[in-house]
Amino acid sequence: MATLASGINKSVAYKLESVYGTIPAAASAQALRRVTSTLDLTKDVYQSAEIRTDMQIADYRHGVRRVKGAINGELSPKTYSDFFAAAVKKTFAAGVSTASASITIAGTAPTYTVTRAAGSYLTDGFKVGDVIRLTVGAFNVSNINKNLMITGLTALVATVIVLNGSAMVAEGPIATSTVSVYGKKTFIPTTGQTDQSFSIEHYYSDVVQSEVFSGCKVDKIAMSLPPTGMATLAIDILGQNETATQTQYFTSPTAASTLGNLAAVNGVCRVNGVVAAILTGLTAAIDPAYAGDPVVGSNTVPNLFPGTVNCSGQLSAYFLDNTLRDAFLNETEIDLYAVLTTDNTATADFLAFGWPRIKLGGVAKSDGQAGLIQTIPFQALLNKNGGAGIATELTTVQIQDSAA
């Protein structure tokens, strides 16, 4: 019997394009983890409308080519950073840090303060929602190199919580210390936006077939953070064309990350300035809204043009008090920050997401004998009061990846 293709033997690799729709050189591609990847070429089709005495259809033609599909996966640090960067139109950049600082730790669980004697966290570029670490200094072992999420920020004081809930020790001042935003960050910028595209290969090793989809852009990223189970994402892809061969194109891609997957039980979610212990679920989407039209004389769309990046989502939470209900009733703007970690250690890898300005679109309550659940859609908006020298980012969504 002839060999049939099996999904277990299918590999996916990708590489950024320097010219839209032009497949880049084969070297230095990146292998991609997935649950599924359903990219395929589609074509517009045209059927003859001639009225004929033989009462039959005489012709059927193919038209404009398009690539459509989705890459579905389980969230993990680094794995999808290039796609997040493409969606928000800004490449990841190293987090800011301050060195040679005199630092004092104070407070009691779950909230601590990291106070510097001089300089300014705000001027240095630290923001609410950032995950920081004390990386240099003669700190107690309970304080150094822990993941700390900033929940409040002034020039001299960063108010933090420890992501894994472990205790810190009051001490200081500790001289010549370094405080760093760990990993890399990106966000939707107000100027200088990028417009990135990828070539993505499906290689079927068991039947020795390759399909390279070029001109691929991220049309939407939808994330789901359930209270139990893996955090997942779906990346909708629009592309220009497909090249099919019987040899693998990206022959030696960089191996995919082996970092652990993220689960919502490991991490912290902060809503309206308060760490939330009552959330039963969170979904969020980043939608760059690409569009492109065919042109005469070509069987491919020449480009996909970007639109407004729409960020929205939905919270579900137990009905505890009037906070979220009244935020909807009064059209009160609130913030939302979520950090997911790969495990419950103090130095776990993580992904952090922040929406510094959101409005709630409703509060629908369940009914029954169990705890009542509020379903709360939200719309993220440009945080017009953020920016340089201010405690929050001038953006709609920000993302921090410990391993990007």
Side-chain angles (χ1 to χ4, degrees), residues 5-18 20-41 67-88 91-92 183-184 186 194 196-224 230-245 247-262 285-286 288 290 304 340 342 349-351 399 401-404:
S6 169
I8 202 73
N9 294 315
K10 170 184 168 181
S11 59
V12 180
Y14 73 92
K15 188 175 179 181
L16 280 169
E17 297 175 345
S18 57
Y20 178 73
T22 300
I23 300 173
S28 303
Q30 173 65 56
L32 186 65
R33 296 160 65 170
R34 78 186 197 281
V35 172
T36 61
S37 181
T38 59
L39 275 61
D40 271 308
L41 181 73
V67 172
K68 293 183 179 180
I71 299 169
N72 297 291
E74 295 173 342
L75 272 174
S76 59
K78 185 177 176 61
T79 302
Y80 302 103
S81 60
D82 287 332
F83 296 95
F84 278 117
V88 301
T91 57
F92 276 87
K184 294 183 179 181
T186 189
T194 61
Q196 296 179 322
S197 63
F198 303 88
S199 286
I200 304 172
E201 181 179 31
H202 288 176
Y203 178 61
Y204 309 87
S205 60
D206 42 13
V207 294
V208 195
Q209 295 290 325
S210 168
E211 298 167 345
V212 180
F213 304 97
S214 52
C216 293
K217 295 188 178 182
V218 176
D219 192 46
K220 185 177 183 179
I221 297 181
M223 297 175 287
S224 177
M230 297 296 185
T232 62
L233 83 168
I235 306 171
D236 290 347
I237 298 290
L238 292 179
Q240 185 187 59
N241 207 355
E242 174 192 333
T243 301
T245 66
T247 57
Q248 185 177 13
Y249 183 74
F250 294 130
T251 53
S252 300
T254 301
S257 163
T258 58
L259 295 173
N261 293 344
L262 302 173
I286 304 170
Y290 278 98
L304 294 171
L340 303 179
T342 56
D349 279 292
F350 61 86
L351 274 173
I399 305 169
D401 188 328
S402 64

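Every value quoted in this text rests on a predicted model; they were computed, and no experiment measured them.
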Next on the checklist: I'd like to know if the side chain of S210 and the backbone of T245 have a donor-acceptor N/O pair within less than 3.5 Å.
Outcome noted: no

Checklist entry - Is a donor on one side and an acceptor on the other found under 3.5 Å between the side chain of E17 and the backbone of G215? => result yes

Checklist entry - Any chance the side chains of N9 and S205 put a donor and an acceptor closer than 3.5 Å? => result no

Next on the checklist: On a heavy-atom basis, which atom in V88 and which in I399 lie closest, and how many Å separate them?
Outcome noted: CG1-CD1, 4.2 Å

Next on the checklist: Using 0.5 Å steps for rounding, measure from the OG1 atom of T342 to the CG atom of N261.
Outcome noted: 9.5 Å

Item to check | Validation row: S199, F250 side chains within 4.5 angstrom (heavy atoms) | outcome: yes

Item to check | Candidate pair I71 and L32, rule side-chain contact (heavy atoms from CB on, under 4.5 Å), full reasoning | outcome: CA-CA 10 Å; I71 299 169; L32 186 65; 3.9 Å; yes

Checklist entry - What distance separates I8 CD1 from D206 CG, expressed to the nearest 0.5 Å? => result 10.5 Å

Checklist outcome for this item: Rounded to the nearest 0.5 Å, the OG atom of S76 sits from the CG atom of L340 at a distance of 11.5 Å

Next on the checklist: Does the plane of the ring in Y204 sit parallel, tilted or perpendicular to the ring in H202? Use 30° and 60° as the thresholds.
Outcome noted: perpendicular

Checklist entry - Between the side chain of D219 and the main-chain N/O of Y290, is any donor-acceptor distance below 3.5 Å? => result yes

Checklist outcome for this item: What one should report as the nearest heavy-atom pair of G73 and Y80 is CA-OH, 3.3 Å

Item to check | Rounded distance (nearest 0.5 Å) linking atom OG1 of T22 with atom OH of Y20 | outcome: 10.5 Å

Next on the checklist: Any heavy-atom pair between the side chains of E74 and T79 that's under 4.5 Å?
Outcome noted: no

Checklist entry - Within the side chain of D401, is there an N or O that forms a donor-acceptor pair under 3.5 Å with the backbone of K78? => result yes

Item to check | Heavy-atom closest contact (Q196 atom, D82 atom, distance) | outcome: OE1-O, 4.3 Å

Checklist entry - What distance do L304 atom CG and K217 atom NZ have between them, rounded to the nearest 0.5 Å? => result 5.5 Å

Checklist entry - How far apart are the C-alpha atoms of N72 and T36, what are their side-chain angles, what is the distance that settles it, and do they pass the side chain to side chain donor-acceptor pair (under 3.5 Å) test? => result CA-CA 5 Å; N72 297 291; T36 61; 2.9 Å; yes

Checklist entry - Can you tell if the side chain of L75 reaches within under 4.5 Å of the side chain of L351, non-hydrogen atoms only? => result yes

Next on the checklist: Please confirm whether the ring centroid of F198 lies under 6.0 Å from the ring centroid of F83.
Outcome noted: yes

Next on the checklist: Less than 4.5 Å apart, side chain to side chain, heavy atoms only: is that true for Q240 and S197?
Outcome noted: no

Checklist entry - Does some side-chain heavy atom of Y203 sit less than 4.5 Å from a side-chain heavy atom of V12? => result no

Next on the checklist: Looking at every heavy atom in both A70 and D236, which two are closest together, and how far apart are they?
Outcome noted: CB-OD1, 3.7 Å

Next on the checklist: Measuring from atom CG of L259 to atom CZ of R33, what distance do you get when rounded to the nearest 0.5 angstrom?
Outcome noted: 7.0 Å

Checklist entry - Would the number of heavy atoms belonging to other residues, nucleotides or ligands and lying under 6.0 Å from NZ of K68 be above 12? => result no

Checklist outcome for this item: Closest heavy-atom pair, I200 versus Y14, reported as atoms and distance to 0.1 Å, is CG1-CB, 4.0 Å

Item to check | Any side-chain heavy-atom pair of F92 and F84 under 4.5 Å | outcome: yes

Checklist outcome for this item: Note: I237 and C216 closest approach over all heavy atoms is CG2-CB, 3.7 Å

Checklist entry - Heavy atoms, side chains only, cut-off 4.5 Å: are P77 and L262 in contact? => result yes

Checklist entry - Is a side-chain donor or acceptor of Q30 paired with a backbone partner of A255 at a separation under 3.5 angstrom? => result yes

Next on the checklist: Between K184 and S81, does the side-chain contact (heavy atoms from CB on, under 4.5 Å) criterion hold? Intermediate values first, please.
Outcome noted: CA-CA 10 Å; K184 294 183 179 181; S81 60; over 6 Å; no

Checklist outcome for this item: Which of K15, Q248, E211 passes side-chain contact (heavy atoms from CB on, under 4.5 Å) with E201? Answer is Q248

